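Notes follow once the structure below has been shown.
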Number of protein chains: 2
Amino acid sequence: MGEGTGLSRSCLADVLGERVALSPAELSALQRLEERQRHVRRGAILLRENESSGELFILRKGLMMSYVLLDDGSRQILRFLFPGDILGISSLVYRESPETLCALSECVVCPFDYATFSELLTEHPRLSALILVFSQIERVALTDRLAALGRTSAKVRVAALLLDLRNRLRSTDKSITDSYPLSLTQEEIGDATGLTAVHVNRMLRQLEEEGLIARNSGRVTLLDERGLARAANYVDRYEGLDLSWLPRAD
Amino acid sequence: MGEGTGLSRSCLADVLGERVALSPAELSALQRLEERQRHVRRGAILLRENESSGELFILRKGLMMSYVLLDDGSRQILRFLFPGDILGISSLVYRESPETLCALSECVVCPFDYATFSELLTEHPRLSALILVFSQIERVALTDRLAALGRTSAKVRVAALLLDLRNRLRSTDKSITDSYPLSLTQEEIGDATGLTAVHVNRMLRQLEEEGLIARNSGRVTLLDERGLARAANYVDRYEGLDLSWLPRAD
DNA sequence: CGTTGAATTGAGTGATGTCAATCGGTGTGG
DNA sequence: CCACACCGATTGACATCACTCAATTCAACG
């Protein structure tokens, strides 16, 4: 992993700035988190389960995932990570990381250490509250997936994943509408949805036959977005927020 | 739901105080959250999905759960709630609550409003960080359940639930060792583990036949705790924390 | 006692997993 | 440029885990 410096803005500030108007002091505190940057090659592991890290990261570019391995060798993908996401808060809290962070594409991350993060929390109460907000969004998104794994069919789970992926990608790249490059193998989709690769294949085919999606050369097109969202009981958890209770900017 | 006042200490402070030594200022801020209290009858709903609340709660006594209903009528229990847990942070963040809060036994909760919470976050950075920590613990516990639903068998999921329940109960009631009252119906266990009540029954029976647990009149006894934990890949997420990075007490 | 909700049990079904083979594309060494 | 190796996608046949439906038992409670 090569390490470098430079670049002006802050990815995290972009994400937070969409929700509230950041003060100059807040902005500069956030920029301090992204002063250094590091490349992570496709497939490379940024942090391994049960190891400790000593630093946090902000994902600046690319797609990553977090997963756990069970002792029978199977894998559960917990979450896909997009630019602006903070990586490794859970490994901050534990002596050993509860999950592995792995790059699905060529990525750029910005590492910063615990002390910097701790200072930020202390000196910028509103940012601290916003980080709590995003931690809750993530928690609720996890509960949606929990309900999907516990109570919905294979087809619905795959549909929900396709929809969610599109929405997350679009929040970085506004040019995406109903079509996007599916940069996951069917095995990865299976490990995220609790299915086998073989069955994921069948479900994709079925969605295609039913006219809900189209596929060619790795691109997915959502043909009936309304139908997909209804079938998948899908809610975009980055919408519908209420931040009126947040403290004043400092 | 009857409303009353009184009572001296703070449940939340008890929980947080196990991890760090709280300052007098922190202690009194936490006590302010539990000034009022309200009884919740067994089966009563404290907050309904898609409704908004205007207040948060601290669970002081009893057992509650949070769940979502899917549109086919099925239910997914997201989490069991124990004394000292903060209820409704996710409904603070959204205009409408993403989940329902419901009492599984006679409960006592302490309501407090958003402004009080917001003040606490602003004026006590270390408490704010600790709340973030507990939010992460909860998130990791959810990922454990996600992995269980996605990648483990019915028997293992039930075993994990039994173990986790015992551990959570013990953190309130130190007299519990290997035996405790299972205050859930088999349908509730099913809704938590993504199974049907019928299949939960069979799995309990199997665990019993294999000598891993014993049951009589609603009590469960863990006979082979080691074996259960190994089979269930169980990790107690309230252990193994690293809080050395926390800011100073104020 | 009757009623009710929960637990238990059996029989049959269906969704998803397993195993194995094939196909297609891509990169690599010769 | 070709042959090979490899990885992922695809497909079929079959196995199995968990669900459904239905009947019965059990315990608590009026």
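Quick caveat, the model's predicted, so the values are computed rather than measured. So that the names make sense, note that chain A is the first sequence line, chain B the second, and so on, each numbered from 1.
The residue among B:Ala197 and A:Ala154 whose nearest nucleotide of DNA chain C is located toward the 5' end is B:Ala197. Looking at which nucleotide of DNA chain D each of B:Val198 and A:Gln186 is closest to, the 5′-most match is held by A:Gln186. Residue order along DNA chain D, read from the 5' end via each residue's closest nucleotide, puts A:Glu187 first among A:Glu187 and A:Arg151.
With C:dA7, D:dT11, C:dG17 as the candidates, the nucleotide lying closest to the side chain of A:Leu195 is C:dG17. Distances from the side chain of B:His199 to the nucleotides D:dA18, C:dA7, C:dG17 place D:dA18 closest.
Atom P of nucleotide C:dA6 and atom CD of B:Glu188 are separated by 8 Å, given to the nearest angstrom. Note: CZ (A:Arg205) to P (C:dT16) measures 17 Å, nearest angstrom. Rounded to whole Å, atom P of C:dG27 lies 11 Å from atom CZ of A:Arg42. Separating the CG atom of A:Leu207 from the P atom of D:dT10 is a distance of 13 Å, rounded to the nearest angstrom. In this structure, A:Lys155 atom NZ and C:dA15 atom P are separated by 10 Å, rounded to whole Å. In this structure, the CD atom of A:Glu209 is 12 Å from the C1' atom of D:dT11, given to the nearest Å. Between A:Asn216 atom CG and D:dT10 atom P the separation is 12 Å, expressed in whole Å. Taking atom CG of residue B:Leu204 and atom C1' of nucleotide C:dA6, one finds them 13 Å apart after rounding to whole Å.
Looking at heavy-atom distances under 4.0 Å, B:Ser217 makes no contact with the nucleic acid at all. As judged by a 4.0 angstrom heavy-atom cut-off over every strand, A:Gly194 is placed among residues touching the sugar-phosphate backbone only.
Regarding contacts with the backbone of D:dC19, a side-chain N or O of B:Thr196 is found under 4.0 angstrom from either OP1 or OP2. The side chain of B:Asn201 contributes an N or O atom lying less than 4.0 Å from OP1 or OP2 of C:dT8.
With respect to the salt-bridge test (charged N to carboxylate O, under 4.0 angstrom), the residues A:Glu210 and A:Lys155 qualify. Salt-bridge annotation for A:Asp85 and A:Arg168: present, with a side-chain N of the basic residue lying under 4.0 Å from a carboxylate O of the acidic one. Electrostatic pairing of A:Asp178 and A:Arg166 does not count as a salt bridge here, judged by no charged N lying under 4.0 Å from a carboxylate O.
Taking 3.5 Å as the limit, the base of D:dT20 and the side chain of B:Arg202 contain a donor-acceptor pair of atoms between them. You won't find any donor-acceptor pair under 3.5 Å spanning the side chain of A:Arg215 and the base of D:dT10, going by distance alone.
B:Arg95 places a side-chain N or O within donor-acceptor distance of the main-chain N or O of A:Leu241, the cut-off being under 3.5 Å. Under the 3.5 Å distance criterion, the side-chain polar atoms of B:Arg36 are matched with a main-chain donor or acceptor of B:Pro111.
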